[in-house]
Amino acid sequence: MGRPVEVAIDLPRLELDRPFTYLLPDDATAPVGSVVSVPFHGRTVHGWVLGATQDVPSRVLPVRRVLSKEPVFDERALGLFAWMRERYVVPLSVAIDRAVPPRVASEEGGSSPAPPEPGGPPPEVLGRYEEGGRLLTACHGSGGGVFVVRPLPEDEAAVCVEAVQATVAGGRDAVVVIPEVDPLPRAASAVLEAAGSAGVLFAGGDRRARYRTWLEILRGRYRVVVGTRPAVFSLVRRPGLVWVHREAHAVHREERTPAYHPREVALARAELERAVCVLAGLSPSAHAAAMADDRAAVLVRTPRERERAAAPLVETTKPADEDRSTRLGTMLRSARGAFLLVSRRGYGTARICRACGEPARCAVCHGPIVVRERREVCAVCGAGGRCAACGAADFGVERGGTERIEEWARGVTKLPVRRVDDGAAAGPEPGEVVVGTAAAVKDLGPRSIGLVGILDADRARRRAGLEAPEQVLATWFEAAAWAGPRAEGGRVLVQTREPGDPAVQALVRWDPLHFHRRERARREEAGFAPGVPLFRVLGSPQLEEALRALEPAHLLATPLGDQAVCLVAIRPDALAAFRERILGLVGERVVERVEAEPRL
Ligand SMILES: [Zn+2]
Ligand SMILES: [Zn+2]
């Protein structure tokens with residue numbers, strides 16, 4: 001007759017988001033995480049076995065087939081998926097689809113040898129950090145906890161390696177999440193080197209390789225997993241540490257639905273699995289800084305004097321035309337090497353049409369026209385620059401951008417000058433001048449090139465987006481660290497008309513927390529406190545009233561034709577109630593769509 005099991009159906013619809021009971025044939029084995037095909041309203045659909053159940057309805061259908069030769073997740077993952085489902089208001093199937101890479105059936109049913117014991121002496125750096133001993137004890141022991149780690153630039157890889165090795169030595173496994181792999185951050189390569197064949201890079205590769213690695217991790221083949229965003233879901237055997245490297249970095253965030261952030265997943269796993277969560281970076285995110293401020297996280301940093309001694313000397317000056325200044329010219333002329341950070345690519349921006357005098361706009365899409373690689377092109381659609389009003393291609397151009405700064409720098413310094421626009425190329429080495437945007441700022445290991453210029457700080461600071469200020473500041477710290485310690489002549493010049501701005505002052509004082517206290521107050525006043533879940537809900541005109549009844553932390557309603565859009569902030573402890581209510585409102589057709597963490 002068969003055994004009743006609960007199955008999550010792979011249909012991404014909130015109204016179907018509950019387990020369904022099916023009968024598993026007596027001769028079939030299908031542990032938690034097995035992929036099955038089942039009948040559903042006259043169709044055959046895929047689903048995942050969630051476990052045995054006592055809850056058997058009067059009419060129950062049999063599982064058609066067990067598709068996977070081995071489960072694609074295990075029981076421990078259920079807690080994490082349930083958390084995703086509630087946090088991002090998505091069906092369980094969407095949470096599973098996001099965490100588990102697509103199946104490649106031929107990779108299933110294999111076996112993996114037990115991992116070797118990684119050896120080698122760990123670096124000894126954290127002992128010199130305030131609360132560093134506490135972090136090591138937590139990693140080595142059996143408990144959890146949240147730590148915000150602010151390493152010295154020279155220690156950025158070593159602190160990570162040391163924590164990972166303490167975790168492994170204590171009998172647990174570690175996951176290190178990095179923002180990108182091209183190039184591989186220095187911290188990531190150092191961790192992999194130390195782990196030897198007990199470690200794996202879970203990033204990139206083809207579908208087959210990704211799925212194979214996922215299964216190998218699930219089988220317990222590795223003690224240390226390093227990878228980009230999806231690696232945060234790695235089901236290592238005994239999770240002891242989830243480390244998020246450069247956690248304020250813009251590319252950590254998932255852009256597709258659900259727009260999860262590995263920082264939040266890492267925090268959730270730490271709580272669910274009693275693991276240590278580390279949020280690391282030279283300048284923390286607003287969320288991490290707020291947790292440290294509230295003592296919800298332990299701040300790990302060096303004593304202030306060491307921090308300042310390892311930092312470059314930062315000064316400010318007013319920018320002149322084309323994002324340059326006399327001071328910059330003077331410093332560049334005598335620099336032994338430099339990195340010049342500019343927020344705009346290209347050579348300049350077309351302002352007016354010389355033929356008809358109208359403001360310059362793309363004839364195809366009315367977008368702005370910029371000059372790149374000596375060509376006038378539309379910044380939006382990429383069409384050749386033609387005036388929308390008269391079709392002419394002759395513009396008055398305001399110069400400024402990486403290409404213009406590159407050209408200018410060649411006339412100032414005798415050092416070789418290089419431009420990095422796309423970020424794949426390696427960063428500055430001593431003895432050269434590199435001009436680049438934020439895309440060029442990567443974890444390349446410590447360097448001491450001499451001079452770092454932040455050329456258009458005000459424009460960068462004014463970038464739109466709720467999280468833009470914290471990301472801009474993190475980029476500044478990461479770039480500024482390349483200058484090297486002040487004792488070795490490390491100098492940073494920030495060109496700004498507002499030297500008193502908190503972000504600029506944070507850099508001058510080499511203290512990001514100074515900025516974050518101000519930023520937090522600003523965010524709280526606007527109703528969007530750091531770390532408070534945010535949703536965009538689309539629905540009928542009754543939506544606002546329905547959501548207000550939930551007493552959200554904040555609500556902004558905008559009418560949109562005969563519909564309404566609400567931006568709503570929900571305190572973490574009210575998420576379960578919010579989800580319930582949304583599901584009810586979906587049934588009543590008041591809610592049409594919910595999007596967690598919209599890009600603001
Ligand atoms: Zn265009
Ligand atoms: Zn014209």
Side-chain angles (χ1 to χ4, degrees), residues 179-180 182 249-257 259 319-324 340-409 418-425 434-442 454-469 471-472 475 495 536 538 558 560-561 563 565 567 593 595 597-600:
E180 48 194 350
D182 191 17
H249 202 294
V251 307
H252 269 306
R253 178 187 189 272
E254 171 65 68
E255 294 295 334
R256 300 166 299 173
T257 306
D321 285 351
E322 300 180 10
D323 302 327
R324 301 169 346 220
L340 304 179
L341 178 64
V342 187
S343 71
R344 292 186 291 185
R345 284 180 55 193
Y347 190 85
T349 309
R351 291 299 179 202
I352 59 154
C353 170
R354 282 215 178 99
C356 72
E358 288 291 309
R361 299 224 156 274
C362 168
V364 178
C365 76
H366 284 233
I369 296 170
V370 294
V371 184
R372 277 188 194 152
E373 310 288 349
R374 309 203 168 277
R375 276 190 62 227
E376 282 153 351
V377 292
C378 171
V380 178
C381 74
R386 297 226 157 257
C387 172
C390 74
D394 185 15
F395 301 100
V397 170
E398 180 190 306
R399 298 195 293 186
T402 48
E403 289 175 30
R404 171 61 190 140
I405 294 296
E406 176 192 19
E407 179 185 74
W408 167 79
R418 192 156 62 87
R419 176 163 50 88
V420 179
D421 270 340
D422 61 4
V434 168
V435 181
T437 60
V441 181
K442 316 267 183 183
I454 296 169
L455 270 56
D456 53 349
D458 300 334
R459 191 177 300 114
R461 247 175 351 93
R462 281 194 292 266
R463 249 184 51 203
L466 202 55
E467 283 160 2
Q471 289 164 355
V472 166
T475 303
Q495 299 190 143
R536 187 179 356 235
L538 179 76
T558 322
L560 185 81
Q563 287 189 306
V565 183
L567 205 54
R593 199 154 44 107
E595 183 192 357
E597 301 305 308
R599 191 46 84 237
L600 293 185

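As the structure lists them, so they are numbered: ligands from 1, and atoms in each ligand from 1.
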(request) Angle at the Zn ion (ligand 1): provide the value between SG of Cys362 and SG of Cys365, rounding to 10 degrees. (result) 120°
(request) If you have a sec, read the angle at the Zn ion (ligand 1) from Cys378 atom SG over to Cys381 atom SG, to 10 degrees. (result) 110°
(request) Decide, yes or no, whether a salt bridge links Arg324 with Glu322 under the criterion of side-chain N to carboxylate O below 4.0 Å. (result) yes
(request) Using a strict cut-off of less than 4.0 Å between a Lys/Arg side-chain nitrogen and an Asp/Glu carboxylate oxygen, indicate whether Arg344 and Asp323 qualify as a salt bridge. (result) yes
(request) State, to the nearest 10 degrees, the angle whose vertex is the Zn ion (ligand 2) and whose arms point to SG of Cys387 and SG of Cys356. (result) 110°
(request) Would you confirm whether Glu254, through its side chain, and Arg256, through its main-chain N or O, come within 3.5 Å as a donor-acceptor pair? (result) yes
(message) With a 4.5 Å cut-off on side-chain heavy atoms, are Val397 and Thr349 touching?
(response) no
